[in-house]
Each structure stands twice: as structure tokens, then as C-alpha cells.
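Worksheet: the structure to be examined is printed underneath.
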Protein chains: 2
Amino acid sequence: MRSYRQYCGLARALDIVGDRWNLLIVRQLLIAPARYQELLGGLPGIATNLLADRLRDLETEGVIERRLPDTGNGIIYALTDWGAALREPVEGLIRWSTPLMIRGADGDQFRPHWLGLALSALLTPRARGNRSASVGIVVDGETIQLRVERTGVKVGPHDGRNLDATVHADPQIILGLAAGVLSIDDLDALIDIQGDKAAVRAILGA
Amino acid sequence: MRSYRQYCGLARALDIVGDRWNLLIVRQLLIAPARYQELLGGLPGIATNLLADRLRDLETEGVIERRLPDTGNGIIYALTDWGAALREPVEGLIRWSTPLMIRGADGDQFRPHWLGLALSALLTPRARGNRSASVGIVVDGETIQLRVERTGVKVGPHDGRNLDATVHADPQIILGLAAGVLSIDDLDALIDIQGDKAAVRAILGA
DNA sequence: CCGCATCCTCATGGATACTG
DNA sequence: CAGTATCCATGAGGATGCGG
């Protein structure tokens with residue numbers, strides 16, 4: 001993309017990450033470092049030449065870096081420290097998009113990890129938790145683990161440890177709960193909770 | 001721009017504001033509602049047909065609205081409530097861009113209001129102020145007023161009221177101070193402070 | 001004047017096939 | 001596996017025109 005040539009922080013930020021696909025690549029790497037093919041799978045719709053171009057751009061600008069794993073073969077792409085600092089504005093945009101998301105998927109592609117990032121964006125600001133609990137959200141066969149403590153909320157893949165409860169529900173239901181526009185009590189038919197319902201309420205409740 | 005067709009908050013947000021120029025238009029309207037010609041002047045480099053296109057898009061998506069002033073003639077563009085909520089991610093991107101800004105303008109276009117928005121982004125998070133003070137920053141002949149109180153920092157155009165101090169310095173110096181990478185004491189030759197130096201230190205100091 | 005719309009040129013994005 | 005190469009479609013940029 002052409003530079004805006006404006007001495008303004010927003011314009012200079014967009015000179016780097018404003019190119020089409022760039023922030024979505026950052027999104028994938030905020031979820032976890034990834035290989036080229038994993039990025040292609042996590043970015044449905046991108047053309048392979050564009051992914052290669054953007055990875056080059058982002059690397060030369062210092063947003064991402066290539067790592068060679070100990071096993072020797074292949075390349076792993078990861079965010080630099082500065083690139084990882086994009087989590088704040090990215091999660092801000094995700095919070096802003098809530099009205100667009102509660103309308104439902106409408107045929108769009110979906111990856112469970114994206115929901116994990118959205119939950120991180122929606123739940124982290126309100127550091128809830130005089131009670132500690134861990135809950136698994138099962139979507140598309142993948143389990144996202146939410147753990148709340150006094151320090152805040154941690155979101156990530158299921159680490160195999162014990163869960164206080166397991167929730168099965170559609171993504172937009174989970175998002176509605178996390179955003180506070182839905183209440184658990186109104187949705188018995190749409191949510192399947194196994195285990196400690198109070199733990200779910202502590203994390204996703206009003 | 002084509003939709004990403006991804007059921008992800010970031011992708012849906014970028015479907016709306018990811019088009020080139022869109023976030024910069026939002027930036028201008030975060031500073032103040034504006035007429036078409038004012039937007040053209042505040043967005044150096046944009047083509048007039050693109051501005052018209054983008055304003056239409058943003059209006060149909062509910063980010064901005066057209067207002068007819070009491071004087072009757074002309075159109076005033078302003079953010080909707082939802083559009084104004086973009087302040088958070090926009091200021092996040094501005095904070096992220098600090099390393100790009102302290103390098104200096106390098107011939108890029110500049111508008112004093114942009115510095116005001118950057119100061120808002122950098123100073124608001126750290127709600128400083130056991131002391132109340134108001135300071136004017138003079139850049140390119142325009143005065144930006146910073147007012148700190150217990151409740152936080154307010155940034156805006158000079159309202160004509162008394163200032164505790166007036167600062168003359170280049171934008172990158174002001175940004176370096178606000179970002180905490182420069183210290184007032186090291187820069188006597190580059191900053192001209194008239195009035196209460198302690199008030200300046202209370203707002204821009206370490 | 002202000003608020004756009006049209007026209008044209010060129011850079012960028014997108015889809016597919018192919019390679020070290 | 002990790003990308004290039006190629007070709008076509010789309011969108012940006014710039015100049016200019018035009019109605020209220």
C-alpha cells in the first residue's frame with residue numbers, strides 16, 4: 001500500500017498494518033505462532049502469493065519474525081514484541097465489532113480460535129473474579145478453556161486439566177453472553193452446560 | 001473492499017473500517033465534526049471522489065451521519081455513537097505507533113489536531129493528577145490545551161481560559177515527552193516553556 | 001463557492017498453476 | 001512445504017466537469 005505520508009500516529013500505523021490481510025495475519029499470530037500452511041488454513045480466502053508478500057512486508061517492518069524450530073525443518077512465523085503489542089488495538093476492534101457479530105455467522109467461514117480471541121477481548125477488561133474457576137467452551141469439536149482468577153481471565157486451548165464445567169453452544173450465543181447482551185437464564189434451550197453451572201455464571205454471567 | 005467473509009470480530013470490523021482512508025476519516029471526525037472541504041483539508045492526499053465514496057459507505061454502515069446545521073446551508077459530517085466508540089482502537093493504534101513517530105516527520109504532512117489526538121491517546125491511560133493544571137502546547141501557530149484533573153486528562157483546542165503554562169516545541173519532542181521516552185530536564189534547548197514549569201511537568205513529565 | 005460525479009491511467013489484489 | 005509466476009479484475013489517484 002502507498003504511504004499516507006502523514007505525520008500522524010494512526011496514519012503511520014496504517015502504513016504498516018493497514019494493508020489488506022495484514023491485521024488478520026497478526027490475529028492468527030496472536031493466537032499462536034504458526035507455519036505457512038497453518039496461516040493459509042487460518043486465513044480462508046487469502047491468495048498464497050499475497051500471504052507471502054505480506055509476511056515479507058511485516059517482517060521487514062519488524063512486526064513478525066521467522067523462527068527455525070529445533071526439529072530443523074520448516075519456518076515458524078511469530079510476532080515480535082512490538083507486533084504482539086498490537087493485541088490492544090486488535091482486541092479493541094473486536095469489542096467494537098460486537099454489534100456485527102451477534103447477528104450471527106450468515107455463511108461466513110469460522111475457526112474456533114477466533115472465538116477464543118474474542119472472548120479474551122470481551123472478558124479481559126472487566127477483571128472479574130473473587131472466585132477462581134475454569135470452564136471449557138466446546139465449539140466445532142474444539143475446546144477453548146477459560147480460567148478466571150483474582151488476577152483476571154486467561155483464554156487458551158484446553159490444557160487437559162480438570163474443568164469445573166463444559167459448555168456447548170453456538171458461537172454467537174457465547175459471544176452474546178460474554179458481551180453482556182444475553183443472559184444464561186433466558187437460554188436453557190440453546191446452551192448445554194455440564195458440571196458446575198455457577199462456574200459458568202462466574203465467567204460468562206451478567 | 002471485498003468482505004473477508006469470516007465470522008470473526010476483527011474481520012467484520014475491517015469489512016467496515018478497513019478500506020483505505022476510512023479510519024483516517026474517522027480520525028478527523030474524532031477530532032471534531034466537519035464539513036466536506038474541512039475533511040479534504042484534514043486528509044492530505046485523498047482524492048475527492050474517494051472521500052465522497054467513503055462518506056457514503058460509512059454512512060450506510062452506521063459509522064457516521066450527515067447533519068444539517070441551523071444556518072441552513074452545507075452538510076456537517078459527524079460520528080454516530082457507535083462510530084465514536086472507535087476512539088478506543090484508534091488510540092490503541094496511535095499508542096502502538098509511537099516508535100514510528102519519535103523518528104520525526106521526515107517531510108510528511110502535519111496537522112496540529114493530529115498531535116492533540118495522539119496526546120489524548122498517550123496521556124489518558126495513565127490517569128495522573130493529584131494536582132490540577134492546564135497547559136497550552138503551541139504547534140504551527142495553533143494552541144492545543146491539556147487540562148489534567150483528578151478525573152483524568154482532557155485534550156482539546158484552546159478555550160481561551162487562563163493557562164498555567166505555554167509550551168513551544170516540535171511535535172516529536174512533545175510526543176517523546178508524552179510517551180515517556182524523553183525527559184524535560186534533558187531538553188532545555190528544544191523546549192520553550194513560559195509560565196509554571198511545574199504544571200508542564202505534572203502533565204508531560206516522567 | 002461547496003459538494004460531489006465522470007473519466008482515464010496505473011498500481012494493487014485475487015485466482016490458479018507451477019517450482020526449488 | 002514454502003513459496004513464485006502469471007494473468008485478469010478491481011480499486012486508488014489525479015484531473016476536470018457540473019449542478020445547486
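Proteins get letters first, then strands, A, B, ... in listed order; numbering begins at 1 in each.
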For B:Tyr77, enumerate each residue passing the ring pair (Phe, Tyr, Trp, His ring centres under 6.0 Å) test, keeping only those at least two apart in sequence or located in another chain. none
Selection: residues 24-41 of chain B, any non-hydrogen atom under 4.0 Å of DNA chain C: B:Arg35, B:Tyr36, B:Gln37
So how far is it from B:Leu58 CG to B:Ile16 CD1, rounded to the nearest 0.5 Å? 8.5 Å
Contact pattern, 5' to 3', of nucleotides 7-20 of chain C - B, S or - by protein heavy atom under 4.0 Å: B----SSBBBB---
5' priority, DNA chain D, between A:Tyr4 and A:Ile75 [closest heavy atom]: A:Ile75
Exercise: do B:Ser3 and B:Arg12 side chains pair donor with acceptor under 3.5 Å: no
Quick one: salt bridge (Lys or Arg N to Asp or Glu O under 4.0 Å) pairs with a partner in residues 163-177 of chain B, sequence neighbours left out? none
Identify, with sequence neighbours excluded, every residue that meets ring pair (Phe, Tyr, Trp, His ring centres under 6.0 Å) alongside B:Trp114. none
Quick one: CE on A:Met101 to CG on B:Leu10, what's the gap to the nearest 0.5 Å? 10.0 Å
Kindly write out the residues that satisfy salt bridge (Lys or Arg N to Asp or Glu O under 4.0 Å) with A:Glu61, not counting sequence neighbours, or none if the list is empty. none
First-last contacting nucleotides on DNA chain D - partner chain B, under 4.0 angstrom, heavy atom: D:dA12 to D:dT16
Contacts table for residues 48-55 of chain A: side-chain donor-acceptor under 3.5 angstrom, sequence neighbours left out:
unit_1	atom_1	unit_2	atom_2	d
A:Thr48	OG1	A:Tyr36	OH	2.8
A:Asp53	OD1	A:Arg56	NH2	3.0
A:Arg54	NH1	A:Arg20	O	3.0

Among all residues two or more places apart in sequence or in another chain, which pass the salt bridge (Lys or Arg N to Asp or Glu O under 4.0 Å) test with A:Arg87? A:Glu91
Hydrogens and angles aside, do A:Gln28 and A:Arg111 bring a side-chain donor and acceptor to less than 3.5 Å of each other? no
For B:Asp106, the salt bridge (Lys or Arg N to Asp or Glu O under 4.0 Å) test, sequence neighbours excluded, returns none
Helical bend (five base pairs per end, nearest 10°) for the helix from C:dC1-D:dG20 to C:dG20-D:dC1: 30°
Touch class at under 4.0 angstrom, heavy-atom based, for B:Leu51 against every strand present: nothing
Partners of B:Thr143 by side chain to side chain donor-acceptor pair (under 3.5 Å), sequence neighbours excluded? none
Roughly how far apart are A:His168 NE2 and A:Ile191 CD1, rounded to 0.5 Å? 12.5 Å
